[in-house]
Amino acid sequence: MNPLSKYTSKPYVIGILAVILVPSIGVAFANSSIADFFLSALNIILFLVICSVPFILPDVRKWMKLQNNPEFLYSEIMQNGSSESFKKLEDLAKSGNLEAVYFYALTHYVENSVIPFNAEKTFYWASKAANKGYGLAQNLLGGLYLNGVGVEINYEEAVSWFEESVKNNIHESEIGLFQCYEQGGYGIEQDFHKAFQHLKNHASRTDNVNSKFEVAVRLFNGHGVEENKNEAFKWFQKVANTDIVGTYHDNEIDEEATWVQTIPEEAMIYSFYNLAVCYQNGYGTPINEEAARHWMDKYNAAVRDSDEFAKLDEKGRIEFNIKRMKQY
């Protein structure tokens, strides 16, 4: 990141150059003195540097702060294989910076070119930050217990850490709780109702399209919750009408940073199909033939490019749709 880059094309810089440099060049050449020209140019440079300091200094400070930002160092390790950034992150982690401890644990967990995967170190460092109340590390530790990474699988421990993480507003932990109760075992009794509640919490509190779709399907079929086609219809609508999911700003890293979630294609496509079915049969909404055709047309447009689908007759396409829907 170049802290000066945002100023290179600023109009006021060009204006200063135009106002001061052009007359100076004219004066220098009018006196037929190359020495005068270079002296004028040097004075202009010094003047511009002095004038620019108040504008550039905040960005320079931001850039210097960034060099010790654990998330930035982690991204440098992952994207650029920076050994220097790894050493800085390691030093910060060992100094007790909880954010650094968390990202240092991740460097041992996520594939990268600097150090090899190490389950034991991942668990050790995640535990250090989690035990001191760092929410993201609590979520990571719950996942390690859930999947048996660096420790024996233990859903009871996983649930405990995921719940602590949720208290710290890490909503992704709801998915960990959903998985524990959905699967059951390892110290936790299988409970589809609890699983659904955590799935719905995740869908409600995040922009995850897959979670929203799964909530709709379960409400439609009555899995883990009482069948409710009115609510299912609303959730299918949320998925089908998803466009730009969210915008993220972090002034400490990049005030212009944004993210847009990649929409899971099948969740979108089968929401089109389910909305068509709902409008066709009056599930959760009054029967509306025009709306049913609209959503079925969208569904067909989304799948017609499939070679497998294109070769089927009408009966085959119905069977194809039914087969694919059973996946959900």
Side-chain angles (χ1 to χ4, degrees), residues 1-8 56-130 132-144 146-147 149-150 161-162 165 168-176 202 205-210 244-264:
M1 178 180 178
N2 177 6
L4 310 183
S5 60
K6 65 187 283 187
Y7 298 103
T8 55
I56 297 176
L57 189 58
D59 231 37
V60 171
R61 286 177 177 168
K62 179 180 173 182
W63 176 77
M64 292 175 67
K65 186 176 181 179
L66 194 60
Q67 303 314 295
N68 289 314
N69 179 284
E71 185 174 2
F72 173 77
L73 294 173
Y74 175 75
S75 70
E76 285 292 292
I77 296 166
M78 294 296 112
Q79 297 173 18
N80 303 319
S82 173
S83 297
E84 182 183 351
S85 293
F86 175 77
K87 183 63 172 63
K88 286 183 179 180
L89 183 63
E90 183 178 47
D91 290 342
L92 281 172
K94 290 181 177 179
S95 74
N97 182 310
L98 292 183
E99 185 182 11
V101 171
Y102 165 69
F103 281 109
Y104 187 62
L106 278 186
T107 60
H108 294 89
Y109 187 45
V110 180
E111 188 67 30
N112 65 86
S113 60
V114 179
I115 57 168
F117 166 77
N118 189 315
E120 288 71 28
K121 283 191 175 181
T122 302
F123 180 81
Y124 172 78
W125 287 99
S127 297
K128 284 179 72 72
K132 292 188 177 181
Y134 193 74
L136 288 173
Q138 291 168 338
N139 178 55
L140 174 59
L141 189 58
L144 299 180
L146 174 65
N147 297 299
V149 178
W161 285 111
F162 284 137
S165 182
N168 282 311
N169 296 316
I170 309 300
H171 302 307
E172 287 304 317
S173 293
E174 296 283 7
I175 280 295
H202 186 256
R205 297 169 182 173
T206 72
D207 292 314
N208 190 287
V209 175
N210 279 330
I244 296 178
V245 179
T247 302
Y248 172 78
H249 294 278
D250 188 339
N251 290 327
E252 292 300 321
I253 296 179
D254 184 352
E255 63 190 14
E256 297 179 357
T258 62
W259 63 266
V260 178
Q261 179 177 332
T262 301
I263 306 306

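For this chain, numbers begin at 1 and follow the sequence in order. The figures that follow rest on heavy atoms only: side chains count, while hydrogens, waters and symmetry mates do not.
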To the nearest 0.5 Å, what is the distance between CG (N169) and CG (L136)? 11.0 Å

N147: side chain to side chain contact (heavy atoms under 4.5 Å, CB included) partners, not counting sequence neighbours: V149

Please list, chain by chain and in numerical order, all residues satisfying side chain to side chain contact (heavy atoms under 4.5 Å, CB included) with L106, sequence neighbours excluded. Y74, Y102, F103, Y109, V110, L140

When rounded to the nearest 0.5 angstrom, what distance separates OG1 in T122 from OH in Y104? 10.0 Å

Using only atom types and a distance under 3.5 Å, with no angle test, would you say the side chain of S165 pairs donor to acceptor with the backbone of W161? no

Please round to the nearest 0.5 Å and tell me the distance separating atom CG of N139 and atom CD of E174. 10.5 Å

Identify the two heavy atoms, one from G135 and one from I170, that lie closest to each other, and give their separation to 0.1 Å. C-CG1, 3.7 Å

Just how far is it from atom CD of E84 to atom CG of L89, taken to the nearest 0.5 Å? 12.5 Å

What is the distance from atom NZ of K121 to atom NE2 of H108, rounded to the nearest 0.5 Å? 4.5 Å

With sequence neighbours left out, the residues meeting salt bridge (Lys or Arg N to Asp or Glu O under 4.0 Å) with E90 are K94

Can you tell me if N112 uses its side chain to pair, donor with acceptor, with the backbone of I115 under 3.5 Å? yes

For S85, which residues count as a side chain to side chain contact (heavy atoms under 4.5 Å, CB included) partner, sequence neighbours excluded? L73, E76, I77, S82

Scanning both residues in full, the closest heavy-atom pair of A130 with A137 reads N-CB, 3.6 Å

Work out which heavy atom in N97 is nearest to a heavy atom in E99; give both atom names and the distance. OD1-N, 3.1 Å

Which heavy atom of G81 sits nearest a heavy atom of S113, and at what distance? CA-OG, 3.4 Å

Contacts of S75 meeting side chain to side chain contact (heavy atoms under 4.5 Å, CB included) (sequence neighbours excluded), chain-then-number -> F72, Q79

Looking at K88, I'd like to know if its NZ atom is crowded, meaning that more than 12 non-hydrogen atoms belonging to other residues, nucleotides or ligands lie closer than 6.0 Å. yes

Looking only at heavy atoms, the pair that brings S127 and L141 closest together is OG-CD1, 3.5 Å

Roughly how far, to the nearest 0.5 Å, is CG of L144 from CD of E120? 11.0 Å

My understanding is that only residues two or more places apart in sequence, or in another chain, count here; which of them pass side chain to side chain donor-acceptor pair (under 3.5 Å) with W125? none

Smallest heavy-atom separation, T206 atom then E172 atom, equals CG2-OE2, 3.9 Å

Taking the side chain as C-beta and beyond, is there a heavy-atom pair between F86 and T107 under 4.5 Å? yes

